[in-house]
Number of protein chains: 2
Amino acid sequence: MAAIGTLARTRATTDESIALPLDTILTGDCIARMRALPDASVDMIFADPPYNLQLGGELFRPDGSHVDAVTDDWDKFDTFAAYDAFTRAWLAQAHRILKPHGTIWVIGSYHNIFRVGTAVQDLGFWILNDIVWRKANPMPNFRGTRFTNAHETLIWASKGEKAKYTFNYRSMKTLNDELQMRSDWEFPICGGPERLKKDGVKVHPTQKPEALLYRILLACTKPGDVVLDPFFGTGTTGAVARRLGRHWIGIERELGYVGAAQERIDAALPLDESALATMQSPRQQPKVAFGTLVENGYLTPGATLTDAKRRWRVSIRADGSLVSECGQTGSIHRLGAGLQNAPACNGWTFWHYEAAGGLKPIDALRQTYLLATQP
Amino acid sequence: MAAIGTLARTRATTDESIALPLDTILTGDCIARMRALPDASVDMIFADPPYNLQLGGELFRPDGSHVDAVTDDWDKFDTFAAYDAFTRAWLAQAHRILKPHGTIWVIGSYHNIFRVGTAVQDLGFWILNDIVWRKANPMPNFRGTRFTNAHETLIWASKGEKAKYTFNYRSMKTLNDELQMRSDWEFPICGGPERLKKDGVKVHPTQKPEALLYRILLACTKPGDVVLDPFFGTGTTGAVARRLGRHWIGIERELGYVGAAQERIDAALPLDESALATMQSPRQQPKVAFGTLVENGYLTPGATLTDAKRRWRVSIRADGSLVSECGQTGSIHRLGAGLQNAPACNGWTFWHYEAAGGLKPIDALRQTYLLATQP
DNA sequence: CACATCTGTGAATCCTCGG
DNA sequence: ACCGAGGATTCACAGATGT
């Protein structure tokens, strides 16, 4: 992993000549700083934008110009328009900076998330999920006037409708005890020793829990990927990225946060490579053709396969194709689909062979072959 | 309660002379029908507008069966702009029709809810909460490409920032075992005998559960109030309103839905105490995945676990999977079973970690986590 | 009759690669 | 760009059927 603060060559596909400030906090205005980053250069963006209009104590008009809040007259329309202009400005930069296969995450509450989501869609991003962070221990509504505001919403989007993207499905399923990870996540709010404090006072009002970023980075990035956080705050994204072996870039205008973030990230301990390994999808394993198993004697031409319920019997031919009792032939997949009259079929799990302990799927032989041949 | 189909005097504060079509289904276009309703005349609006799903091709389950998707014409819009125009048109009417102290509820998914929420704010409504309906039994993501889409979002808004509104705080607290009602609600999707069917086929593709409307009407209306539903469908709002002693007005374009709705509402009887109990969501017992402990720092990737007799040593990986000394991987349950050559294994009691007083089962950490996060 | 097993289905933006 | 083939992919609940 690159040392904190070093400049490293970007691995951007479009331009290898521009250096990215990897593992660095950039101070200053997020839009200006983003403008200086190259096209298609980061793998993920995580953004926790401000949701009130007091952007660092200043207000902006729809055109981005500065407003003197004391003398200018504000109504709600101006307020929303200004927020929208700000949102679209930084999201447009985010879209430009993102690699074609990258994704963006944005977190917000009902005050701003609808405006953010509309802008995300209007700028061409393609929403993949909205995720609900259910707070295990939210602050109660003390006056009893509304429902306890017990969640925040995240939007996960790709760069466009047809864009590919990283989603570590197996890792998420493993993390959730072998059930698909759902769109509602429960985490405690950030507190205890994780919460950064100075002189007993919390450093940042809305510090996000590391567990939240942990799940996001694990789900949608690979080790070595670059994650940009344009509203870095106290650096939760950086700390988790470093722990998980991902590169990070932070942008933050408040110097009080920058110092705390840097200190915190320096203290974050990177996990070693073996701990970073995760469950792989079968797609990422080397592909094994069914014929290979026949060639290598794991199955003999002429031997019989059946489905789990023994409804169909087929026999194996020398080239790895199958032939049914009524003469139909095809690959393990095609014939399985054809016999069931289904649009598709995974022959590896559909077809079984007679083993010592009963019927076993031929996929077991593939796994045995892979274990025997992989270093 | 007024008989179905009668005209009754509105109790609108602004104009006592205009009659409202109480407890009636109005057929036809929702915007045109709303235009004919008087200003400031209803206490609540519940709206379940088209979601604009933008589905692609056919989808099949892993077992080969076909997914019956929402392909109805009423959900099709050419562009976001067309959807926005439609949304703003009906929301503007809703704002006009609503009494000064009334509130509006709108339900949607990530496909449309951000656009709806933006329009709600732009039209002067004031958002009070966003509510998450967590589905107990959502449809899985069959291709493993995203997170399971396991929730829908509701927006609750008053007529303006300073508007008063009805919120039956005590009712909600009682309904929730004397804890404040949170913004995340869990209900099963609508099925079983509640799901309207004709010749074995569902009448409406997206019928909402009565429990959802029950909670909404109980929270934000008083007996005798008037509830308008401009996208009435099969009349869930009307059926629940009648049971709870609220007046209702439905607008629906599809005549096939109108007949089913009228029949259903005619059969709806005021709820008795025992029926009320079943409408309440059961106290969900918290489930904790092993990965949650890793995400929250109770165990660190790279740390070692053993069984009680120290026969096997495994190490924890970033996604909560385990890897044995001979390279086998899997979840706590699967790897425990695999190493023992057993069909199944409870990983929570099988695997132990090194604690101050010796080996402890990882289940102890789960208990600690629950104690720390449950109120 | 009790219990186990099988089957159906729900607001879903649901594949990837090589030729 | 299209086309074809490989082969990866599901959870909770209700209701029907089987033992």
note: Asp184(A), atom CG; dA12(D), atom P; distance rounded to Å ~ 12 Å

Phosphate-side-chain proximity, Arg366(A) and dA8(D), N/O vs OP1/OP2 below 4.0 Å:
yes

Under a 3.5 Å limit on both distances, the Watson-Crick or wobble mate of dC14(C) is none

The residue, Leu179(A) or Ala344(A), whose nearest nucleotide of DNA chain D is more 5′ is Ala344(A)

Is a donor-acceptor contact shorter than 3.5 angstrom present between the side chain of Lys135(B) and the base of dA11(C)?
no

Please report the distance, rounded to the nearest Å, between CG in Leu53(B) and C1' in dG10(C).
13 Å

Quick check for you: among dA8(D), dC11(D), dG10(C), whose closest atom lies nearest to any side-chain atom of Asn346(A)?
dA8(D)

Taking the six-membered ring of Tyr83(B) as reference, does the NZ or CZ atom of Arg115(B) fall below 6.0 Å from its centre and within a 45° cone about the axis?
no

Quiz question: going by heavy-atom distance under 3.5 Å, is there a donor-acceptor pair between the base of dG10(C) and the side chain of Arg61(B)?
yes

Classify Thr206(B) by what it touches in the nucleic acid, base, sugar-phosphate, or nothing, heavy-atom distance under 4.0 Å.
base

Residue met sooner reading DNA chain D from 5', once Lys173(A) and His333(A) are mapped to nucleotides:
His333(A)

Pairing check on dT10(D): which nucleotide meets the Watson-Crick or G-U wobble criteria with it, both distances under 3.5 Å?
none

Under 4.0 Å between a side-chain N/O of Lys202(B) and OP1 or OP2 of dG10(C), yes or no?
yes

Base, sugar-phosphate, or nothing: which does Gly191(B) touch, judged by heavy atoms less than 4.0 Å apart?
nothing

When all nucleic acid strands are considered with a 4.0 Å heavy-atom cut-off, which category describes Gly108(B): base, sugar-phosphate, or nothing?
nothing

So what does Ile332(A) hit on the nucleic acid, given a heavy-atom distance under 4.0 Å: a base, only sugar-phosphate, or nothing?
nothing

Do the rings of Trp348(A) and Phe290(A) sit parallel, tilted or perpendicular, given the 30° and 60° boundaries?
perpendicular

Distance between C1' atoms of dT10(D) and dG10(C) (Å, rounded):
12 Å

Using a distance-only criterion (donor-acceptor N/O pair, under 3.5 Å, no hydrogens), is the base of dT13(C) paired with the side chain of Arg146(B)?
yes

I'd like the P distance from dT16(C) over to dA1(D), given in whole Å.
16 Å

Give Pro193(B) one of three labels, base, sugar-phosphate or nothing, depending on what nucleic acid heavy atoms sit under 4.0 Å from its own.
sugar-phosphate

Mapping Met139(B) and Asp63(B) to their closest nucleotides on DNA chain C, which lands nearer the 5' end?
Asp63(B)

Under 3.5 Å, is there a donor on one side chain and an acceptor on the other for Ser109(B) and His111(B)?
yes

Please check the phosphate of dT10(D) (OP1 and OP2 only) for any side-chain N or O of Tyr169(A) closer than 4.0 Å.
yes

Between dT17(D) and dC1(C), how far apart are the two C1' atoms, rounded to whole Å?
15 Å

Quick one: classify the glycosidic conformation of dT13(C) as syn or anti, with syn meaning within 90° of 0.
syn

Face-to-face contact Phe142(B) to dC14(C) six-ring, under 5.5 Å, under 30°
no

dC14(C) and dG7(D), which share atom name C1', separated by this distance in whole Å
15 Å

note: Tyr110(B), atom OH; dA12(C), atom P; distance rounded to Å ~ 10 Å

Pick base, sugar-phosphate or nothing for Cys190(B), based on heavy-atom distances below 4.0 Å to the nucleic acid.
nothing

Looking at dC14(C), dG6(D), dT9(C), which one has an atom nearest to any side-chain atom of Leu59(B)?
dC14(C)

Name the pairing partner of dT19(D), where a pair is Watson-Crick or G-U wobble with both distances under 3.5 Å, or state none.
dA2(C)

Picking from dA12(C), dA11(C), dT10(D), which would you name as closest to the side chain of Pro140(B)?
dT10(D)

Give the rounded distance in Å between these two atoms: NE2 of His66(B) and P of dA12(C).
12 Å

Does dT13(C) have its OP1 or OP2 closer than 4.0 Å to a side-chain nitrogen or oxygen of Asn149(B)?
yes

pair_partner(dC2(D)), Watson-Crick or wobble, both distances < 3.5 Å, evaluates to dG19(C)

Could you give the CZ-to-P distance, from Phe167(A) to dC15(C), as a whole number of Å?
14 Å

Within the 3.5 Å criterion, strictly below it, is a donor on Trp248(B) or Thr237(B) matched to an acceptor on the partner's side chain?
no

Rounded to whole angstroms, how far apart are CD on Glu152(B) and C1' on dA12(C)?
11 Å

Quickly work out the Lys164(A) NZ to dT16(C) C1' distance and round it to whole Å.
7 Å

Base, sugar-phosphate, or nothing: which does Asp48(B) touch, judged by heavy atoms less than 4.0 Å apart?
base

Determine whether a donor-acceptor pair (N or O, by modelled atom type, separation under 3.5 Å) exists between the side chain of Asp229(B) and the backbone of Ala47(B).
no

Does a nitrogen or oxygen in the side chain of Thr349(A) sit under 4.0 Å from OP1 or OP2 of dG7(D)?
no

Lys309(A), nearest nucleotide to its side chain (from dT13(C), dT7(C), dT10(D)):
dT7(C)

Measure the distance from CG on Asn141(B) to P on dA12(D) and round it to the nearest whole Å.
15 Å

Heavy atoms only, 4.0 Å cut-off, all strands: where does Pro188(B) land among base, sugar-phosphate and nothing?
nothing

Assign Thr148(B) to base, sugar-phosphate, or nothing according to its heavy-atom contacts below 4.0 angstrom with the strands shown.
nothing

With heavy atoms under 4.0 Å as the rule, sort Arg334(A) into base, sugar-phosphate or nothing.
base

So Asp63(B) and Arg61(B), salt bridge (charged side-chain N to carboxylate O under 4.0 Å, His left out) or not? Walk me through it.
CA-CA 5 Å; Asp63(B) 66 4; Arg61(B) 298 186 181 80; 5.6 Å; no

Choosing from dC11(D), dA11(C), dC14(C), which nucleotide comes nearest the side chain of Gln180(A)?
dC11(D)

Of Gly200(B) and Val67(B), the one whose closest DNA chain C nucleotide lies more 5':
Gly200(B)

Quiz item: cation-pi between Arg253(B) and Trp74(B), 6.0 Å / 45°
no

Polar side chain donor-acceptor pair, His151(A) to Asp184(A), under 3.5 angstrom
no

Which is true for Asp68(B) with a 4.0 Å heavy-atom rule: it touches a base, it touches only sugar-phosphate, or it touches nothing?
sugar-phosphate

Counting heavy atoms from C-beta on, name the nucleotide in dT13(C), dT9(D), dA12(D) closest to the side chain of Arg143(B).
dT9(D)

So, Thr236(B) and Arg264(B): side-chain donor and acceptor under 3.5 Å apart, yes or no?
yes

Does a donor on one side chain sit under 3.5 Å from an acceptor on the other, for Ser281(A) and Gln284(A)?
yes

